[in-house]
Colleague: 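One structure follows; several queries about it will come next.
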Amino acid sequence: DLAWMLTFYIRFFLTYLPLLGICTGFVCVCMHRFIESNWFVWITQMNHIPMHIDYDKNVDWFSTQLQATCNVHQSLFNDWFSGHLNFQIEH
């Protein structure tokens with residue numbers, strides 16, 4: 001995984017460093033990572049905010065997972081933005 005990640009950054013900097021320069025290229029990578037991390041948190045949290053769960057009821061794992069997740073309303077934007085992960089129960 002580390003080697004695969006390094007090949008991405010090597011290709012990125014070899015492609016964009018001559019066009020952007022060192023500082024602007026670094027800022028571009030940081031902005032990309034910042035936007036990507038916010039998107040990831042938004043997508044994962046919209047379905048994983050737990051619903052009501054009772055503790056120590058000896059409920060099986062599958063039933064507990066169904067109670068702790070929810071599907072988000074289907075719309076063209078939600079389907080596109082989340083990559084159809086808005087249907088968490090089916091996912």
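Heavy-atom basis, side chains included; hydrogens, waters and symmetry copies ignored.
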Colleague: CZ of Phe8: more than 12 outside heavy atoms within 6.0 angstrom?
Modeller: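 Result for CZ/Phe8: enclosed.
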Colleague: Quick one: name the residues clustered hydrophobically with Ile10, using the 4.5 Å side-chain heavy-atom rule over I, L, V, M, F, W, Y, and just say none if it's on its own.
Modeller: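 Traced through the cluster, Ile10 reaches Leu14.
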Colleague: In Å and rounded to the nearest 0.5 Å, what is the CD1 to CZ distance from Ile22 to Phe13?
Modeller: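 Spacing of CD1 (Ile22) from CZ (Phe13) equals 9.0 Å.
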Colleague: Check whether more than 12 heavy atoms from other residues, nucleotides or ligands sit under 6.0 Å from atom CG of Leu19, and answer yes or no.
Modeller: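 Enclosed: over 12 neighbouring heavy atoms sit under 6.0 Å from CG of Leu19.
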Colleague: Go through the structure and list residues passing side-chain contact (heavy atoms from CB on, under 4.5 Å) with Ser37, not counting sequence neighbours.
Modeller: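 Once residues adjacent in sequence are excluded, Ser37 has no partner under the side-chain contact (heavy atoms from CB on, under 4.5 Å) criterion.
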Colleague: Kindly work out whether a path of hydrophobic side-chain contacts (I/L/V/M/F/W/Y, heavy atoms less than 4.5 Å apart) joins Trp42 to Phe34.
Modeller: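 Trp42 and Phe34: separate clusters.
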Colleague: For the atom pair CZ (Phe12) and NE2 (His32), what is the distance rounded to the nearest 0.5 Å?
Modeller: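 Here the rounded value is 8.0 Å.
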Colleague: If you count every heavy atom of other residues, nucleotides or ligands that lies below 6.0 Å from Met5 atom CE, does the total exceed 12?
Modeller: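 Buried by this count: over 12 neighbours within 6.0 Å.
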Colleague: Hey, could you give me the SG/CG distance between Cys28 and Leu17, rounded to the nearest 0.5 Å?
Modeller: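 Taking SG in Cys28 and CG in Leu17, the distance rounds to 11.5 Å.
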Colleague: Test side-chain contact (heavy atoms from CB on, under 4.5 Å) on Phe26 and Leu20 and set out the steps.
Modeller: CA-CA 9 Å; Phe26 182 72; Leu20 300 174; over 6 Å; no
Colleague: I'd like to know if the side chain of Arg11 and the backbone of Thr7 have a donor-acceptor N/O pair within less than 3.5 Å.
Modeller: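 Yes, the answer is positive, given that a donor and an acceptor are paired below the 3.5 Å cut-off.
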